[in-house]
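Let me begin by presenting the structure, written as structure tokens, before commenting on it.
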Amino acid sequence: VQLQASGGGLVQAGGSRRLSCAASGRAFSDLTIAWFRQAPGKEREIVAGIIRSGISTYYADSVKGRFTISRGNAKTMLYLQMNSLKPEDTAVYYCAADPSPYVYINPRYSYWGQGTLVTVSS
């Protein structure tokens, strides 16, 4: 499975941004998928995840109510809609996938995209 993340860029605080992740080689309906982020000098942390059945999602407390994870109808696209962005959301965002039926909150996923940088200016 190859993952390609895109959509990063510079956004002002309070603004919105949508990240995309395209999969090739396997449909997301077979995989649990997640977004992680890593800020400079910090560990990679989970932002949101969705189990392979699609019926359950997970959000980190820091993004609840602001970010929404979703899969595209084509089942090879993953999205992260980010609203009310804050400077502390600045990080490289990664999409990740795993055959597990559960969302792992640690970065033990089998497949990773290359990351896309989101910078939120104050």
Side-chain angles (χ1 to χ4, degrees):
V1 178
Q2 292 187 330
L3 305 177
Q4 181 76 31
S6 61
L10 178 64
V11 61
Q12 288 189 331
S16 298
R17 198 84 179 180
R18 189 177 82 157
L19 304 183
S20 300
C21 179
S24 59
R26 195 166 177 178
F28 279 141
S29 55
D30 297 335
L31 300 166
T32 288
I33 44 181
W35 287 97
F36 281 74
R37 67 185 181 187
Q38 188 166 18
K42 295 189 176 181
E43 294 185 350
R44 194 169 296 189
E45 62 176 4
I46 189 168
V47 175
I50 183 167
I51 63 174
R52 62 190 186 192
S53 68
I55 63 173
S56 180
T57 56
Y58 168 88
Y59 292 95
D61 287 344
S62 58
V63 305
K64 278 181 183 176
R66 300 189 298 122
F67 290 11
T68 302
I69 187 172
S70 62
R71 295 190 307 204
N73 291 333
K75 299 182 180 179
T76 57
M77 292 296 297
L78 172 69
Y79 302 103
L80 184 69
Q81 178 65 42
M82 305 184 295
N83 299 327
S84 302
L85 282 161
K86 305 175 181 179
E88 51 263 44
D89 294 319
T90 295
V92 177
Y93 285 73
Y94 299 88
C95 54
D98 196 273
S100 167
Y102 309 110
V103 173
Y104 298 132
I105 61 172
N106 51 27
R108 53 181 288 189
Y109 289 70
S110 299
Y111 311 108
W112 289 86
Q114 84 288 2
T116 186
L117 176 64
V118 175
T119 303
V120 183
S121 62
S122 57

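Index from 1, following the sequence.
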Enclosure of Gln114 CD (heavy-atom neighbours >12, cutoff 6.0 Å): yes
message: Surrounding CD of Gln81 (heavy atoms of other residues, nucleotides or ligands, distance under 6.0 Å), is the total greater than 12?
response: yes
query: Any ion pair linking Asp89 and Lys86 (charged N to carboxylate O, less than 4.0 Å)?
result: no
Give a yes or no on whether [X] and [Y] share a hydrophobic cluster (residues Ile, Leu, Val, Met, Phe, Trp, Tyr; joining criterion: side-chain heavy atoms under 4.5 Å apart).
X     : Y      : answer
Ile55 : Tyr102 : no
Ile46 : Val92  : yes
Ile50 : Tyr111 : yes
Phe36 : Tyr104 : yes

Tell me, do [X] and [Y] make a side-chain contact under 4.5 Å, heavy atoms counted?
X      : Y      : answer
Ser62  : Arg37  : yes
Phe28  : Cys21  : yes
Pro99  : Thr32  : no
Leu19  : Met82  : yes
Phe67  : Leu80  : yes
Leu78  : Trp35  : yes
Ile69  : Tyr59  : yes
Ser100 : Arg108 : no

Closest heavy-atom contact between [X] and [Y]?
X     : Y      : answer
Ala97 : Leu31  : CB-CD1, 3.9 Å
Pro87 : Ser122 : CG-CB, 3.8 Å
Arg71 : Gly54  : NH2-CA, 3.5 Å

Side-chain ([X]) to main-chain ([Y]) donor-acceptor, under 3.5 angstrom:
X     : Y      : result
Thr90 : Val120 : yes
Arg26 : Val1   : no
Asn83 : Ser16  : no

Look up atom [atom1] in [X] and atom [atom2] in [Y], then write down how far apart they are to the nearest 0.5 Å.
X      : Y     : atom1 : atom2 : result
Gln38  : Tyr94 : CD    : OH    : 5.5 Å
Met77  : Ile33 : CE    : CD1   : 10.5 Å
Asn106 : Glu43 : CG    : CD    : 11.0 Å

- line: With Thr119 as partner, the option from Leu85, Val11, Leu10 fulfilling side-chain contact (heavy atoms from CB on, under 4.5 Å) is Leu10
- request: Quick one: do Trp112 and Arg44 satisfy side-chain contact (heavy atoms from CB on, under 4.5 Å)? Show the steps, please.
  value: CA-CA 12 Å; Trp112 289 86; Arg44 194 169 296 189; 3.4 Å; yes
field: Tyr109 vs Val103, side-chain contact (heavy atoms from CB on, under 4.5 Å): CA-CA, chis, key distance, verdict
entry: CA-CA 9 Å; Tyr109 289 70; Val103 173; 3.6 Å; yes
